[in-house]
Amino acid sequence: MSGDLAHQPSSGSLSARARAAVAPQLAYLNGLNSEQRAAVEATEGPVLVLAGAGTGKTRVLTTRIAHLIATGKAWPSQILAVTFTNKAAREMRERIGRTIGEVAEGMQWLGTFHSIGTKILRRHAELVGLRSDFTILGTDDQLRLMKQVIEAEGIDEKRWPARQLAGLIDSWKNRGLGPDQVAAGEAGAFANGKGGRLYRAYQERLKVLNAVDFGDLLLECLGLWREHPDILEQYQERFRYMLVDEYQDTNVAQYLWLRLLAQKRKNLCCVGDDDQSIYGWRGAEVDNILRFEHDFPGATVIRLERNYRSTGHILSAASVLIAKNQGRLGKTLRTEDEPGEKVTITGAWDSEDEARLIGEEIEALHAKRHPLSEIAILVRISAQMREIEDRLVQLGVPYRVIGGPRFYERAEIRDALAYLRVVNQPADDLAFERIVNVPKRGLGDATIQVLHNHARAARVPLMDAARFLVETDELKPKPRATLRDLLISFSRWSKLSETLSQSEVAQTVLEESGYTDMWQKEKSADAAGRLENLKELVRSMEEFPDLQSFLEHVSLVMEANESDTSERVSLMTLHAAKGLEFDTVFLPGWEEGLFPNQRALDESGRAGLEEERRLAHVGLTRARRRAKIYFASNRRIHGLWNSTVPSRFIDDLPEANVEIVEAPANFSYGGYGGGSRFDRMQPFSGSSYQTPGWQRAQAHRANADDGGYSARRSGDRRGPMMIEGELVAKSTGSSGFAVGGRVLHPKFGPGTIEAVDGNKLTVEFDKAGRKMVLDSFVEALG
DNA sequence: TCACCTTGAATTTTT
DNA sequence: TTCAAGGTGA
């Protein structure tokens, strides 16, 4: 605990000074307010910390851990600290390290529910019918397996899709239910009563494959502990203190998992905020937090209500809004900060208009030196992003989309991993099947079917079936030869992995299998990005001692490198925004049907509405100084224009804290770049901005009439930066651009040419900095 | 086996 | 509208 001493709050209060004098070794407590401090010091027995948005939740959690260690109540290895995401776990580890020094290294039990579950399960795998090197299946493997199970039962997969079964099984596992515990009526709802049987068959297949899915990582622990109380006891003994982050997001399985572990010592501290529970739809039980005192009698409940993030108006608005919810424990956030700016509400004619207004507002803020990285646009559904992105592109405002598909969910990564899995573990049927014909090598459905039949009959893995079949003449000569080659390759690669490093093996496998070639030949816009991802994958492998541990890591915690701290506006869904904060937050789409979302209302009634309202609360509380709500009167839903009504959440806001903003007249002004030019091309754009239909007609016309500019514009809007690379190799010959010339780029705005290399220009953009772009994407400025 | 067409569906998403 | 998945014909 050296580093933080220098950091001590300069608080000169008497109590602080007295405290420091009495217990100088507890210096880390000094920066805490009284509730936070109480939460840190209440080490014994069950504790629920209700931590509102921006009240220093993470600080309490990390300080509490530091406190447990510093006071000698527990060794780092005796503390169990669980989070939901790897990111949260990583941040917590870093912060503990900063508070008390390297001791955080000893915290082997700080991680996500799933990573800790994996760790426990690997130790006792044989007791639940697995080997300790079991594979963790991703969503796509899961679906493939379920499809097989469904077909094996002779059920029409089109009538009863694997997706749906996956959803059901997932929800059962979320509730801690194994195949024998699902209520017959519920299980019977799928495939005319066969749901339960399919679930059981799926679990059996998993065991045969020595694999688990995400849900099993917890469920199998529960089973293990139930069957082997002695093992449960070992863990109960070990974990003297337990801490849980984001408790409102736990599902039933996680709750049971925690309860079993905490039964003995009862030193369980859960930190959460019922008002930020927004994952009910994927199994989170707000009830877990609402019932805490009931489930853990004698629990201490501590409320953190002092908010250190937002200004007064924003905080009151959010508080009044969330107070409309019935099912909550109740907290009142308060701040000592100034009232600041009121929350603004702006009505737009339609969603395009809304995007335009937001864009203008961002430009205005930017002109006043508001950093773009401190601006976020939070939407309810991803479909809203499209129009906003278009607008930002036109204005040349750099932005980044947060969320979206994870690195290891990408097809090329899963393919590459499948190759490595087979090298590592030839019996991995799901992986084998995934890549047997990727790239296309003529081993189609017919061949796979033969392999499957034989494998099933002989009860051997596909790889063994293949070995056998290439020696017979059951297969046609061509596939037979191809398959033999593939088998030879795999044995060669397996041998290589004994001598070469795992990244060298990966490199070799990807090249020799023709996988990289496949993407190199592919001409689609994202091929280059995929190759880049593959390179990244190989690069990241170097950090691991061997292939095995790399594969282990990747299935659970691999994520994309998000080290991009550049000056960009952030665009994301409200869900993705939880835990983040920005100076200025734009909240578009506050309309009935969209937000609250109709589907949530239809499916979950009042509970759904309340979760939507919590989402609104999360959105508002992301803002430090400015929250700007928008609604449009017309929005296109599935391609059809609908007129819409402002969200009821707008009416939930207190008048004293909001300001209704008159939308400026509907014509485009000022600005530079694509936006204004484009608008100027629309005749009568002021007065005729009346009907969506008219607008669509205009958009079509603009596209048709102005072959050059807007066609290029729409081509540009997909795939953010790929224009910079070599992938658009079509040379346009001599470019006619010269160093020093001024150009206009639809995304980056105006700039000055610094260098010309064939059709590639290096341009110093006025706002976006230096970029290399293709000449076909810019226009010369007079 | 691939290119093209029809069809249907279309919140939120971590591990 | 836009996407993906499945089906069809060459």
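Chain letters run A, B, ... following the sequence lines, proteins first, then strands; residues in each count from 1.
For A/Asp170, there are no salt bridge (charged side-chain N to carboxylate O under 4.0 Å, His left out) partners at least two apart in sequence or on another chain. Shown here are the salt bridge (charged side-chain N to carboxylate O under 4.0 Å, His left out) partners of A/Arg648, two or more places apart in sequence or in another chain: A/Glu592. Contacts of A/Glu603 classified as salt bridge (charged side-chain N to carboxylate O under 4.0 Å, His left out), with partners at least two apart in sequence or in another chain: A/Arg599. Listed by chain and number, the residues in a ring pair (Phe, Tyr, Trp, His ring centres under 6.0 Å) with A/His124 are A/Tyr235 (sequence neighbours excluded). When the ring pair (Phe, Tyr, Trp, His ring centres under 6.0 Å) test is applied to A/Phe586, no partner is found at least two apart in sequence or on another chain. Shown here are the salt bridge (charged side-chain N to carboxylate O under 4.0 Å, His left out) partners of A/Glu246, two or more places apart in sequence or in another chain: A/Lys57, A/Lys578. Under the rule for a side-chain contact (heavy atoms from CB on, under 4.5 Å), the partners of A/Met518 that lie at least two apart in sequence or sit in another chain are A/Val438, A/Pro439, A/Tyr515. With sequence neighbours excluded, the residues forming a ring pair (Phe, Tyr, Trp, His ring centres under 6.0 Å) with A/Phe544 are A/Phe550, A/His553, listed by chain and number.
The separation between A/Gln254 atom CD and B/dT15 atom C1' is 9 Å, rounded to whole Å. For A/Glu246 and B/dT15, the CD to P distance is 12 Å, given to the nearest whole Å. To the nearest angstrom, C1' of C/dC3 lies 10 Å from CZ of A/Arg386. Look at CE on A/Met385: it is 16 Å from C1' on C/dC3, rounded to the nearest Å. Rounded to whole angstrom, the span from the CG atom of A/Asp245 across to the P atom of B/dT15 amounts to 13 Å. In this structure, A/Ile116 places its CD1 atom 13 Å from C1' of B/dT15, rounding to the nearest Å. Rounded to an integer number of Å, the gap from A/Lys119 NZ to B/dT15 P is 18 Å.
Environment of NZ in A/Lys440: sparse, with no more than 12 heavy atoms of neighbouring residues, nucleotides or ligands closer than 6.0 Å.
On the P atoms, B/dT12 is 16 Å away from C/dA5, given to the nearest whole Å.
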Protein-nucleic acid N or O pairs under 3.5 Å, nucleotides 9-14 of chain B:
residue	atom	partner	partner atom	Å
B/dT11	O4	A/Ala600	N	3.4
B/dT12	OP1	A/Ser382	N	3.0
B/dT12	OP1	A/Ser382	OG	2.6
B/dT12	O4'	A/Arg380	NH2	3.2
B/dT12	O2	A/Trp281	NE1	3.3
B/dT12	O2	A/Arg380	NH2	2.6
B/dT13	OP1	A/Thr573	OG1	2.6
B/dT13	O4'	A/Arg282	NH1	3.3
B/dT14	OP1	A/Arg406	NE	3.2
B/dT14	OP1	A/Arg406	NH2	2.3

All N/O pairs under 3.5 Å across the protein-nucleotides 2-5 of chain B interface:
residue	atom	partner	partner atom	Å
B/dC2	OP2	A/Lys440	NZ	3.2

Look for any protein N or O under 3.5 Å of an N or O in nucleotides 5-10 of chain C and output each such pair with its distance, or none.
residue	atom	partner	partner atom	Å
C/dG7	OP1	A/Lys158	NZ	3.4

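A/Gly117 comes within 4.0 angstrom of no nucleic acid atom, judged by non-hydrogen atoms across all strands.
Applying the salt bridge (Lys or Arg N to Asp or Glu O under 4.0 Å) test to every pair with at least one member in residues 376-385 of chain A, sequence neighbours left out, gives these pairs: A/Arg380-A/Glu612.
Using a cutoff of 4.0 Å between basic side-chain nitrogens and carboxylate oxygens, A/Lys324 and A/Glu610 are not scored as salt-bridged.
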